[in-house]
Structures are given as C-alpha cells and as structure tokens.
Amino acid sequence: MSTTASTATSPATAASPVPSLTSVFVRLKLSLLKNGLRQSGGRTAAYIASIVFGVLFAAAMVLSFVLMRGSADADTVAVLLTGVVALSWAVMPLFVPSGDETLDPSRLVMLPLRPRPLVRALLVASLVGVGPVLTLFLAFGAALSVAHGAAGTVVAVLAVPLVTVACVALSRAVAAANVRLLTSRKGRDLALLSGLVIAVGMQVVNFGAQRLGQAGGLGPLEPAAAVVGWLPPAAAIGAVDAASGGDYAVAAARLLLTAAALVALVYWWRRSLVRLMVEPDGSTIGASSAGGAGEASGGTGLLSRVLPGGRTGAVMERSLRYIWRDPKTKAAWVTALALGMIVPLFNAFQGTGTIYWACFASGMLGVQMYNQFGQDTSAFWMVAQTISTTADAYGELRARAMALLAITLPYTVLVTVATAVVLGDWSDLPEALGLSFGLLGAMVGTGTLASAVFPYSIPQDSGYKNVAPGQGGLAWMSIIGGMLGSALLCAPLIGPAVYLHLSDRESLLWLLFPAGVAYGALLVWAGLKLAAPRTARRLPEILAAVSKG
C-alpha cells in the first residue's frame with residue numbers, strides 16, 4: 001500500500017510549477033546583461049560609468065524640477081521635455097539598432113510563443129535597464145514640478161508610470177516594425193548617420209537657445225507646449241497640470257488619450273511581431289533577374305559616360321561608388337556635407353557670422369582626402385597589385401583626388417554663394433571663394449601625403465570604431481598634423497587678405513579669387529608629386545597597416 005501510494009504521488013511531488021514567461025524573460029535579460037559585463041573590463045567600466053552618469057543626471061533633473069516648482073514656465077518645460085524624451089525613445093531604435101540585442105524579436109521566431117504573452121514578457125523585460133529608470137525619474141520630476149493639491153497628486157501617481165511604459169512601448173513598437181530594415185545594409189547606413197542627426201540637432205538647439213535668450217523668456221515656447229500637451233505621452237504630464245488647475249475634464253481627457261495611445265502601441269507591436277514570425281523576409285524571395293540586370297547596366301553606363309577613360313576613370317568610379325555604397329564612407333561624407341552647409345548658414349541667419357565661415361565647408365570636405373587607402377580596408381591588396389611604379393601611384397592618387405574634387409569644388413561654390421546671399425555680402429564673395437579654394441587645395445595636398453605616410457585601418461566589424469586598436473596615434477598624426485600643415489600653407493593667401501583689409505585696398509581683394517584657384521591647384525599637384533614616390537616605396541607597409549583591422 002505504501003509503495004503504491006508513494007508511486008502515485010511521486011509525479012506530483014517531482015513536478016515543479018511552470019514559471020511565467022514574463023519572469024523567464026526578466027531573468028534572461030538580467031543574465032545576459034551580467035554575462036555581457038563579464039566579457040571585458042572595459043565593457044564593465046563603461047556600463048558602471050553609464051549608471052553613475054545616469055544617476056547624477058537624473059538627480060540633477062529632479063532637483064531642477066523641484067526648484068522650478070511654482071514657476072510660471074514649469075508646465076511648458078515639463079511638457080516639452082517629456083515630448084523630447086518620448087521622441088528620443090521613438091528614434092533610438094532607428095539609429096542604435098544594436099543598442100539592446102537581448103530583446104531582438106527576430107531571435108524568437110523559432111520558439112513556440114504566443115503573441116500576447118510574448119508582448120507582455122518583452123514589455124516587462126524592456127523596463128529593466130538604465131534608460132527606463134532614467135525616464136521614470138524624469139517623468140517623476142516633470143510631474144512633481146506641476147502637481148499641486150490632492151487631484152494633481154493623484155493624477156501624477158497615474159501619469160508617471162504611464163509615461164515610462166508608453167515610452168518603452170513606443171521604442172519597442174518602432175523597433176519591431178522596422179526590424180528587417182535595421183538588420184539590412186540600409187539599416188546600418190541609417191545607424192551610422194546618427195552622428196549627423198546629433199550634430200544637426202546641436203545646431204538647432206543652439207539656434208533655438210539664442211532665440212530664446214533674445215526673447216528674454218520661454219514665452220515663444222508656450223504655443224508649442226500647448227500642442228505637445230495633447231500628444232501622448234506628454235499629454236499625461238499635461239493632465240497633471242490641468243488637474244492641479246482644477247480643469248478635471250481636460251485632465252481626464254489627456255490621461256485617457258495617453259492610455260489609449262499605449263494600448264494602440266501595444267497592439268501595433270503585437271501585429272508587427274506576428275508579421276515578423278509568419279511572413280518571409282527578402283532573403284527567401286528570389287529577386288527578378290531582369291530587374292537586377294537592368295540596375296547593374298544602368299548604373300555602370302551612367303558613370304562610364306561621364307567619367308574619363310583609362311585608369312583615371314576606373315579609379316574615380318570606384319571612389320564614387322565607395323562614397324555611395326560603403327556605410328562608413330557614406331556617413332563621413334553626408335556628415336561633412338551637412339555640417340559644411342549648416343554651420344556657415346546658421347551663423348549667417350543669426351547675424352553673427354561672416355562670409356569667411358564658408359571656409360568651414362572646405363575644411364570639412366578636405367578631411368575626406370586623409371587615409372585614402374584605409375578607406376579601402378583589406379580590399380586594398382587588389383589596388384596594390386596595380387601599383388608597381390611611381391607613375392602608377394601618381395595616377396591612383398590623382399584619380400582619387402579628382403573624384404573628391406568633383407564633389408567638393410561645386411559644393412564649396414554653393415556654400416559660399418549661399419552664405420553671401422544670406423548675409424547680402426557680395427563684395428567679399430571673390431575673396432571668400434579664393435580662400436576656400438586655397439584651403440581645399442591645401443587639405444587635398446596634405447591629405448594625399450598623409451595617406452601615404454600615416455595609413456591606418458578602419459574596422460568594419462563595428463559601426464562606431466573608425467580606427468583599429470593600436471593605431472590611434474597614426475590617426476591623430478594624420479589628421480591633426482595635416483590640418484595644422486594646411487593652415488600654415490594658407491598663410492600666403494591669408495597674409496595678403498589681411499594686408500589689403502588693413503591698408504584700405506578692398507578694391508584689390510578680387511585678385512584673391514584667381515590667386516586662390518592657382519595656389520590651390522599648385523598645392524594639390526605638389527602633394528601628389530610628394531606622395532607618389534612614397535606610396536610606391538612603402539606599398540607593403542601601407543598594405544599591412546590598412547589590413548590590420
């Protein structure tokens with residue numbers, strides 16, 4: 001009897017309760033974070049530094065909101081800041097697709113998981129991390145600055161977690177809807193352009209801050225805050241402000257609007273996960289052979305008709321295709337083109353700039369000539385097979401310089417003329433063009449020489465490393481040394497310009513235009529002549545340096 005009873009009860013005794021999917025995902029997230037930190041001391045230090053910085057930033061923001069409590073502009077700042085935080089969560093997956101690899105939904109395709117519990121588990125696991133905690137503190141500070149009375153406090157208790165969860169859900173919904181784009185080459189291109197967005201955003205913030213300083217307050221932002229106050233999840237903070245002011249109907253409407261938006265985001269997220277798990281991606285669908293052939297023939301024919309023949313045309317076409325197709329090269333060029341236009345024009349629009357700011361475009365574009373061979377990475381060995389003499393090296397470098405000048409010369413003219421239009425300073429246009437061309441020629445010449453003397457590798461396994469380990473000194477010597485050399489080489493143009501201005505001979509400043517064109521061309525030719533023999537002589541060392549990464 002006892003044996004039978006023990007046999008009958010042993011399965012029940014041995015059976016353990018099945019853990020919920022949410023707890024499994026939370027433990028998985030914590031385990032992956034812990035194991036990832038064990039990989040290297042640098043990664044651990046970076047994570048600890050991010051935690052410390054996040055805590056200090058959160059404490060500073062909460063303190064700022066406390067000090068702002070009772071201010072007439074507290075509601076404007078709280079609502080707009082919440083909107084900016086939500087926008088950051090929305091665009092973060094597009095520019096940092098690998099920022100949270102532990103929650104990539106494409107890795108769960110083969111698991112037998114139903115969409116509803118999967119979404120719930122992913123949402124809770126997504127709340128584990130520095131970003132969600134920092135968002136929670138920011139939402140708490142924003143609500144604290146506008147909450148007054150019992151009604152405002154009650155709404156704030158509901159609004160703070162609602163804002164945090166809505167931001168995380170927004171980020172995950174965007175990531176799930178674009179996961180196939182973010183794992184493709186176009187997605188990596190988009191991620192590499194994040195630096196451009198940050199740079200442009202900094203210029204916009206600087207411009208807006210100066211405008212607000214001139215206005216003497218935050219009054220110009222009130223219309224924007226009124227609109228953002230009805231956009232989730234910032235509407236939840238607007239609900240706290242409305243409840244504190246006794247407008248309970250508006251507070252309820254804004255709170256319900258944020259809750260409805262959260263439900264819609266979760267539904268969108270679930271639909272994206274279902275589509276991701278049941279629909280084939282582009283890698284399983286055969287491309288049309290006719291379409292591929294048409295694209296290949298069309299693209300090659302266009303460049304072949306425009307560019308010269310022989311080695312020069314082949315090298316120029318290769319360089320231009322690198323600019324268009326290679327993610328890192330494209331990111332560097334787009335950033336240089338954007339900043340080269342934004343910085344002069346923003347200063348001109350603010351009324352604090354001069355036409356000489358147009359030289360900034362020449363400097364940004366001239367930097368692209370540095371480390372020409374490193375841009376080829378390990379594929380440079382194929383180019384090295386075609387270089388056996390100084391003449392071969394000269395032809396290779398000259399064609400690369402021509403490809404760069406084909407873009408930079410008309411762009412320099414465009415930026416300089418646009419700056420003159422904004423400033424209305426047409427009299428100094430010839431002088432500014434001459435100085436810009438001289439600086440561009442100096443940077444192309446020194447960049448050609450630096451490519452031969454200080455080559456370094458550009459790693460391809462990381463979207464954020466532009467120098468291989470151990471070659472940072474070479475990169476600094478190449479770029480900083482070349483820029484300082486270019487500044488010194490421009491002295492023969494800057495000196496006469498300063499002298500003509502000080503001696504009241506502005507009528508002769510137009511001579512700087514032909515002088516700048518001739519002098520810039522001379523510097524390019526001199527750089528090619530000096531770099532060609534060094535390239536041919538140091539070809540094995542260059543090949544070893546650029547293939548290191």
Side-chain angles (χ1 to χ4, degrees), residues 203 206-207 210 336-337 339-370 401 404-405 407-450 476-530:
Q203 292 294 327
N206 180 36
F207 181 75
Q210 291 190 8
L337 292 171
L339 291 181
M341 177 71 75
I342 289 173
V343 172
L345 291 185
F346 263 58
N347 282 276
F349 278 120
Q350 295 176 39
T352 59
T354 66
I355 196 172
Y356 304 108
W357 269 108
C359 295
F360 184 83
S362 300
M364 290 296 299
L365 298 177
V367 172
Q368 308 308 313
M369 192 64 196
Y370 291 81
L404 183 139
L405 292 172
I407 300 175
T408 57
L409 283 177
Y411 190 79
T412 299
V413 175
L414 174 64
V415 173
T416 309
V417 172
T419 307
V421 170
V422 175
L423 294 173
D425 187 6
W426 294 101
S427 60
D428 291 331
L429 179 60
E431 175 192 359
L433 282 174
L435 293 175
S436 297
F437 287 148
L439 176 60
L440 182 60
M443 298 203 70
V444 172
T446 56
T448 304
L449 186 60
W476 280 107
M477 285 188 291
S478 174
I479 299 176
I480 302 300
M483 294 177 66
L484 292 176
S486 299
L488 293 176
L489 289 173
C490 289
L493 291 176
I494 299 175
V498 174
Y499 171 76
L500 292 176
H501 277 285
L502 294 178
S503 60
D504 294 331
R505 298 181 180 180
E506 285 83 358
S507 60
L508 298 178
L509 287 173
W510 67 271
L511 294 174
L512 290 175
F513 174 68
V517 173
Y519 186 64
L522 176 64
L523 292 177
V524 173
W525 174 82
L528 292 173
K529 282 295 185 180
L530 292 174

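In this chain, numbering begins with 1 at the start of the sequence shown.
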Next on the checklist: If I take atom CG from residue Leu440 and atom CG from residue Leu405, how far apart are they, to the nearest 0.5 angstrom?
Outcome noted: 6.0 Å
Item to check | Smallest separation among heavy atoms of His501 and Asp428, with atom names | outcome: CE1-OD1, 4.5 Å
Item to check | Residue pair Trp426, Val421: steps toward the side-chain contact (heavy atoms from CB on, under 4.5 Å) verdict | outcome: CA-CA 7 Å; Trp426 294 101; Val421 170; 3.4 Å; yes
Item to check | Met443 CE to Thr408 OG1 distance, which is reported to the nearest 0.5 Å | outcome: 11.0 Å
Checklist entry - Can you name the nearest heavy-atom pair linking Gly340 to Val415, along with the distance? => result O-CG1, 3.5 Å
Checklist outcome for this item: Closest non-hydrogen contact found for Leu493 with Gly434 is CD1-O, 4.0 Å
Checklist entry - How close do Ser362 and Ser436 get, heavy atom to heavy atom, and via which atoms? => result OG-O, 3.2 Å
Checklist entry - Under the 3.5 angstrom rule, does the side chain of Tyr519 hit a backbone N or O of Leu489 as a donor-acceptor pair? => result yes
Checklist entry - Looking at CD1 of Ile355 and OG of Ser427, how far apart are the two atoms once the value is rounded to the nearest 0.5 Å? => result 8.0 Å
Next on the checklist: Is any side-chain heavy atom of Trp357 closer than 4.5 Å to one of Leu345?
Outcome noted: no
Checklist entry - About how many Å separate OG1 of Thr412 and CZ of Phe437, when rounded to the nearest 0.5 Å? => result 6.0 Å
Next on the checklist: Using 0.5 Å steps for rounding, measure from the CG atom of Leu512 to the CG atom of Leu435.
Outcome noted: 6.0 Å
Checklist entry - Just how far is it from atom CZ of Phe360 to atom CD1 of Ile342, taken to the nearest 0.5 Å? => result 10.0 Å
Checklist entry - For Met483, does the CE atom have more than 12 heavy-atom neighbours from other residues, nucleotides or ligands under 6.0 Å away? => result no
Checklist entry - Do you know which two heavy atoms are closest between Pro430 and Phe513, and how far apart they sit? => result O-CB, 3.4 Å
Checklist outcome for this item: Nearest heavy-atom approach of Leu365 to Ala336 is CD2-CB, 4.0 Å
Item to check | Name of the residue among Thr416, Leu423, Thr419, Thr354 meeting side chain to side chain contact (heavy atoms under 4.5 Å, CB included) with Pro344 | outcome: Thr419
